[in-house]
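In what follows, a single structure is set out as structure tokens and then discussed.
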Amino acid sequence: MNRPTKRSTPHHSESLGDEVIRQTRTPRRVLVLGATGYIGGRLVPRLLQAGHEVRVGVRRPEKLKQVPWVADVDVRTVDLDSGRGLSDSLTGIDTAYYLVHSMGSGGDFEAAESAAATRFADEAAGAGVGRVVYLGGLHPEGRELSKHMRSRATVGRILLDSEVDAIVFNAGIIIGSGSASFEMIRHLALTLRWMPAPDWVANRVEPLSVRDALYYLLSAADVDGRVNESFDIGSRQILTYADVMRTFASVAGLKPRHVLALPLPAPTLSGIWVGLVTPLPFRLTLPLVQSLQEDAVATSHAIDEVIPPPESGLIRFDDAVRLALRREVEGAVDTNWDADAGELDEAASPLPNDPQWAGRRICTDERAATIPGLSAADVWPVIEGIGGAQGWYSWPLAWKVRGIWDKAVGGAGLNRGRRLPDSLRIGDPVDWWRVEQLERNSRLLLRAEMKVSGHAWLEFTLTDSADGCEYHQTATFIPTGVRGRLYWALVAPFHRFIFPAMAKNIAAEARRRVRA
């Protein structure tokens with residue numbers, strides 16, 4: 001086939017941190033679907049920095065409320081399951097990035113992904129979109145793939161078979177602060193010095209730094225001519241998964257890690273084990289581990305003829321780990337693996353005051369206190385820093401036991417942690433909670449994602465008064481059926497100790513910080 005023209009040499013560059021973002025010669029109108037996800041949330045500011053006009057399509061626009069670049073983009077509401085808003089979002093677009101994946105493991109998630117991709121491809125053709133760009137996974141040809149990897153490959157084929165020109169990238173594990181692969185590797189290395197592991201740890205992988213993945217995605221908008229091809233992208237450094245964990249330990253300054261490969265494939269059991277010792281929930285570890293059963297190595301470097309490697313060269317795995325660890329120390333983690341529950345996954349439950357709950361039994365535990373001598377601005381940093389390594393300011397053992405139980409039954413558990421230790425934004429995970437609403441110095445609403453028969457929220461509100469800061473804390477639970485009511489009856493006695501202690505200790509911590 002005739003290769004398209006390579007990107008022209010940029011005439012101007014600007015920086016995003018210490019990363020060079022080249023200014024495009026041909027600004028384009030770009031749509032990003034999946035902008036609340038790990039990759040999409042990092043790609044958008046780079047597209048803006050390069051000079052493109054950016055539109056984003058998301059199911060829940062409120063999740064972008066505190067994203068720093070939201071004022072610079074055109075936000076459209078798009079539901080990929082139904083197609084609502086899709087045609088409108090694609091109108092007038094030159095390049096559309098399709099960066100959505102369902103991490104579900106249900107029997108119909110492959111069909112749902114295929115249907116969504118087909119609908120998107122048809123709408124893109126009808127709107128006259130010039131190119132679509134998709135990020136899939138490295139996989140061997142001619143082998144039986146896991147459901148998750150097979151679904152990604154199917155979506156790639158659907159886009160390549162459509163009328164619109166497509167560039168499909170296939171990448172292995174992506175290494176960056178907050179990525180699912182990075183968190184899995186990190187927590188396995190931190191938790192276990194001697195790691196008895198299934199035989200997939202001997203498989204080969206070609207890691208790719210998130211910075212290089214974004215370089216290829218950003219460059220795809222500047223390629224001239226028709227492409228319509230799939231490309232493998234990787235670091236050109238081939239390791240085994242065991243090498244990956246050993247190298248991480250070395251870079252992180254840990255004692256040497258010893259990985260023992262056992263002749264036990266058992267991907268499902270392995271996925272459960274990984275879920276127990278890492279922050280990743282089973283809904284994510286199961287498809288991830290199933291995808292590790294085959295080598296993930298680039299079989300072609302044809303991408304070099306279309307998009308040359310970065311001028312500074314592709315980043316090696318050890319350097320990618322150093323960059324990721326540095327970003328965490330600097331508090332500069334833009335997105336994390338759980339930044340989005342998945343554009344194709346079930347939408348969040350409505351809030352307790354939604355009409356849907358009319359006539360339903362609502363169980364609450366409310367606490368209020370006046371914190372004399374302090375303002376709402378004094379107490380807020382404690383509220384915003386709750387969870388993660390800081391904990392929940394009451395009965396740490398009880399929270400830990402509840403977290404272990406939740407993880408064992410397939411929930412998020414406590415070790416999911418936070419994106420940043422002292423800052424939140426809407427959509428962020430906080431252990432088994434997710435930030436639903438946030439008004440700084442005033443209100444934080446957390447929605448529970450634990451496995452329980454019902455829906456739960458935890459709300460903190462702060463107001464200033466003549467007497468000091470008025471602190472209100474409300475736990476709300478709407479049970480589903482008899483099991484939900486039984487659950488609340490069983491935990492209510494513990495709430496009488498946990499929630500008063502939480503309010504008291506948060507006030508004490510706020511006073512301590514002000515004195516310090």
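When reading the values below, keep in mind they use all heavy atoms of this one structure, side chains included, and skip hydrogens, waters and symmetry mates. Source: prediction; values computed, not measured.
- Asp122 and Ser162 are not linked by any side-chain donor-acceptor pair at a separation below 3.5 angstrom, with hydrogens and angles left out of the test.
- Under a cut-off of 6.0 angstrom, the local environment of CD in Glu53 is sparse, with at most 12 non-hydrogen atoms contributed by other residues, nucleotides or ligands.
- One N or O on the side chain of Asp79 and one on the backbone of Asp81 form a donor-acceptor pair closer than 3.5 Å.
- By the 4.5 Å heavy-atom criterion applied to side chains, Phe120 and Ile158 are not counted as neighbours.
- Between the side chain of Arg443 and the backbone N or O of Gln437 there is no donor-acceptor pair closer than 3.5 Å.
- Within the model, atoms CD of Glu439 and CG of Leu462 stand 11.0 Å from one another, a figure rounded to the nearest 0.5 Å.
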Residue pair Thr95, Val129: steps toward the side-chain contact (heavy atoms from CB on, under 4.5 Å) verdict: CA-CA 6 Å; Thr95 302; Val129 172; over 6 Å; no
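- Partner Asn170 forms a side chain to side chain contact (heavy atoms under 4.5 Å, CB included) with one of Leu138, Ile303, Ile233, Leu135 and no other, that one being Leu138.
- Side-chain atoms of Glu459 and Thr474 form no donor-acceptor pair, as typed in the model, at a separation below 3.5 Å.
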Stepwise side-chain contact (heavy atoms from CB on, under 4.5 Å) check, Phe248 with Asp318: CA-CA 7 Å; Phe248 174 89; Asp318 53 345; over 6 Å; no
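- Side chains of Gln390 and Pro421 form no contact here, defined as non-hydrogen atoms less than 4.5 Å apart.
- In this structure, the side chains of Tyr97 and Leu33 stay at 4.5 Å or more apart for every pair of heavy atoms.
- Glu436 pairs in a salt bridge (Lys or Arg N to Asp or Glu O under 4.0 Å) with only one of the listed residues (Arg447, Lys63, Arg425), which is Arg447.
- Put simply, the side chain of Glu206 gets close to the backbone of Ala298: a donor and an acceptor are under 3.5 Å apart.
- Judged by distance alone, the side chains of Asp378 and Ser375 do bring a donor and an acceptor atom under 3.5 Å apart.
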Evaluation steps, side-chain contact (heavy atoms from CB on, under 4.5 Å), between Val168 and Leu160: CA-CA 8 Å; Val168 173; Leu160 289 169; 3.8 Å; yes
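- A distance of 6.0 Å or more separates the ring centres of Tyr134 and Phe169.
- Side chain of Arg29 to main chain of Gly92: a donor-acceptor pair is present (N/O by atom type, distance under 3.5 Å, no hydrogens or angles).
- Arg418 places a side-chain N or O within donor-acceptor distance of the main-chain N or O of Ile386, the cut-off being under 3.5 Å.
- The pair Asp304-Arg236 meets the salt-bridge criterion, with a side-chain N (NZ, NE, NH1 or NH2) lying under 4.0 Å from an Asp/Glu carboxylate O.
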Derivation and outcome, salt bridge (Lys or Arg N to Asp or Glu O under 4.0 Å), residues Glu113 and Arg152: CA-CA 8 Å; Glu113 285 208 322; Arg152 286 193 171 193; over 6 Å; no
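- For the pair Ile167 and Tyr216, the minimum side-chain heavy-atom distance is 4.5 Å or more.
- In this structure, Asp222 contributes its side chain and Ser219 its backbone to no donor-acceptor pair below 3.5 Å.
- Although no hydrogens or angles enter the test, the distance criterion places no donor-acceptor pair under 3.5 Å between the side chain of Asp94 and the main chain of Gly130.
- For the pair Arg22 and Glu311, the salt-bridge criterion is met [side-chain N within less than 4.0 Å of a carboxylate O].
- A salt bridge links Arg322 to Asp319: at least one charged side-chain nitrogen sits closer than 4.0 Å to a carboxylate oxygen.
- The main-chain N or O of Arg28 is found under 3.5 Å from a side-chain atom of His52 such that the two form a donor-acceptor pair.
- Arg119 places a side-chain N or O within 3.5 Å of a backbone atom of Leu80 that can act as its donor or acceptor partner.
- In summary, the side chains of Thr299 and Asp232 do present a donor paired with an acceptor at a separation below 3.5 Å, with no hydrogens or angles considered.
- Side chain of Arg434 to backbone of Ile426: no donor-acceptor contact under 3.5 angstrom is found.
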